[in-house]
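Both ligands and their constituent atoms are indexed starting at 1 by order of listing. The figures here come from the full heavy-atom set of this structure, side chains too, leaving out hydrogens, waters and symmetry mates. Treat the numbers as computed from the prediction; the structure is a model and nothing was measured.
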Amino acid sequence: MITIKSKREIELLKVAGNIVYKTHQYLKPFLKPGITTQEIDDLADKYIRSLDATPSCKGYQGFPAAICISVNDEVVHGIASERKLQDGDIVTLDICACYKGYHGDSAWSYAIGKIDEEKEHLMKYTEEALFVGLKEVKAGNRVGDIGHAIEKFATANGLGVVKELCGHGVGSNLHEDPEVPNYGLKNTGIRLREGMVIAVEPMLTAKSPRIEILDDDWTVVTEDGNPAAHFEHTVVVTKDGYEILTGE
Ligand code: MF3
Ligand code: CO
């Protein structure tokens with residue numbers, strides 16, 4: 001079921017989204033060679049709770065950590081561990097927070113030290129793909145318009161589109177209808193309406209888009225071991241565009 005959010009709900013979603021944004025800004029300076037992903041997760045957990053929110057991922061379908069931390073060939077749902085970040089890595093923090101029953105969801109990929117050209121290209125164009133997709137967000141457009149724009153842009157820039165994972169509605173549940181695929185055809189899928197809240201989240205790969213799931217039953221990695229990047233904002237659909245909820 002797709003819901004239209006009330007003004008009050010949008011205000012709460014904005015607070016939740018802003019907490020997610022602040023958590024990204026808080027964690028950024030810690031993302032240096034030598035820090036373990038567990039240390040990052042602990043910092044995120046404490047910081048989110050200090051803002052009167054809870055980390056939505058913790059316990060979500062049994063997920064064991066506060067946020068998802070995915071390194072290099074890990075696409076999404078990486079679990080914190082004693083792994084140390086190294087110069088040349090890219091790390092994606094996918095952060096979800098719940099404030100007074102409403103969620104915010106935003107993922108961002110970060111470079112650790114100096115990354116190679118392939119990773120530079122991947123990061124730059126995956127971030128751009130997010131905004132190319134968001135450009136299609138407005139009342140009257142359809143979810144297929146978003147997916148089509150992202151897929152076309154990604155493919156034109158030599159990147160792979162992970163098809164098994166999608167964006168989604170956000171509200172009092174972290175994942176709501178509609179699904180927002182990163183591929184598709186123009187003029188297809190459900191129509192966007194003012195007051196819908198969705199997460200747009202291209203997950204792109206440097207080479208093949210094929211993925212597999214590790215034995216921990218969570219971590220999604222590229223099959224070929226090449227890197228992936230992921231950029232995501234939660235936005236509210238407006239009459240002629242969108243407003244980012246996971247921003248300042
Ligand atoms: N932003 C992630 C997603 O939309 C949140 C996952 S929470 C987890 O898939 F618990 F499933 F990891
Ligand atoms: Co999401």
Side-chain angles (χ1 to χ4, degrees), residues 2 5 13 16-24 27 37-38 40-42 44-45 48-49 53-71 74-81 91-99 101-110 126-127 129-131 133-134 137 143 146-147 150 161-183 196-205 211-222 228-237 242 244-247:
I2 303 173
K5 271 69 183 181
L13 286 160
N18 179 250
I19 289 168
V20 170
Y21 172 78
K22 281 201 196 123
T23 308
H24 274 286
L27 293 173
T37 56
Q38 186 61 56
I40 299 167
D41 199 74
D42 290 342
D45 192 55
I48 292 168
R49 292 181 198 281
T54 53
S56 319
C57 290
K58 195 140 215 177
Y60 182 87
Q61 292 178 8
F63 189 76
I67 63 172
C68 301
I69 307 177
S70 309
V71 183
E74 296 173 354
V75 185
V76 289
H77 302 166
I79 301 171
S81 71
V91 61
T92 301
L93 306 184
D94 191 350
I95 304 178
C96 303
C98 182
Y99 178 79
Y102 288 84
H103 298 268
D105 184 1
S106 173
W108 219 257
S109 297
Y110 300 97
T126 308
E127 183 174 354
L130 167 61
F131 291 94
L134 286 175
V137 177
V143 287
I146 303 171
I150 291 173
V161 177
V162 174
K163 296 213 169 63
E164 292 85 344
L165 300 150
C166 295
H168 49 90
V170 180
S172 50
N173 296 296
L174 179 57
H175 293 128
E176 298 186 352
D177 292 336
E179 273 200 345
V180 184
N182 295 305
Y183 62 91
M196 283 182 187
V197 172
I198 57 171
V200 177
E201 49 176 321
M203 289 154 266
L204 305 183
T205 61
I211 55 165
E212 57 192 25
I213 300 178
L214 296 187
D215 286 339
D216 62 18
D217 285 337
W218 277 106
T219 313
V220 175
V221 297
T222 59
H230 181 197
F231 290 83
E232 171 184 35
H233 267 313
T234 303
V235 305
V236 57
V237 179
Y242 62 91
I244 293 177
L245 300 177
T246 40

So, for Thr37 and Ser81, which heavy atoms are closest and what is the spacing to 0.1 Å? OG1-N, 2.8 Å

Looking only at heavy atoms, the pair that brings Val200 and Leu130 closest together is O-CD1, 3.3 Å

Compute the shortest N/O to N/O distance between Tyr60 and ligand 1 and return yes if it is under 3.5 Å, no if not. no

When only distance counts, is Trp218 in polar contact with ligand 1, meaning an N/O pair under 3.5 Å? no

Can you tell me if, anywhere in Asp94, an N/O/S atom lies at a distance from the Co ion (ligand 2) that is smaller than 2.8 Å? no

Is Cys96 close enough that one of its N/O/S atoms sits under 2.8 Å from the Co ion (ligand 2)? no

Will you find, in the side chains of [X] and [Y], an N or O donor that is under 3.5 Å from an N or O acceptor?
| X | Y | value |
| --- | --- | --- |
| His233 | Tyr242 | no |
| His175 | Asp105 | no |
| Glu201 | His230 | yes |
| Thr92 | Ser70 | no |

Could you check whether any side-chain N or O of Ser172 sits under 3.5 Å from a backbone N or O of Gly101, counting only pairs where one atom can act as donor and the other as acceptor? no

Has Thr23 got a side-chain atom pairing as donor or acceptor with Ile48's backbone, closer than 3.5 angstrom? no

What atoms of ligand 1 come closer than 4.0 angstrom to any heavy atom of [X]?
| X | value |
| --- | --- |
| His168 | 4 (O) |
| Glu201 | 4 (O) |
| Asp105 | 1 (N), 4 (O) |

Which of the N/O/S atoms in [X] sits closest to the Co ion (ligand 2)?
| X | value |
| --- | --- |
| Asp105 | OD2 |
| Glu232 | OE2 |
| Glu201 | OE2 |

Nearest non-hydrogen protein atom, [atom]:
| atom | answer |
| --- | --- |
| atom 9 (O) of ligand 1 | His77 NE2, 3.0 Å |
| atom 2 (C) of ligand 1 | Asp94 OD2, 3.2 Å |
| atom 10 (F) of ligand 1 | Phe63 CB, 3.1 Å |
| atom 5 (C) of ligand 1 | Cys96 SG, 3.7 Å |
| atom 7 (S) of ligand 1 | Cys57 SG, 3.0 Å |

Any idea which part of [X] is under 4.0 Å from ligand 1, heavy-atom wise: side chain, backbone, both or neither?
| X | result |
| --- | --- |
| Ser56 | neither |
| His175 | side chain |
| Cys68 | side chain |

Using a cut-off of 6.0 Å, state whether more than 12 heavy atoms not belonging to Glu179 lie near its atom CD. no

Take His103 and Ser56, measure what side-chain hydrogen bond (donor to acceptor under 3.5 Å, both in side chains) needs, and give me the verdict at the end. CA-CA 7 Å; His103 298 268; Ser56 319; 2.9 Å; yes

Measure up the Trp218 and Phe63 rings against each other and bin them: parallel (under 30°), tilted (30 to 60°), perpendicular (over 60°). perpendicular

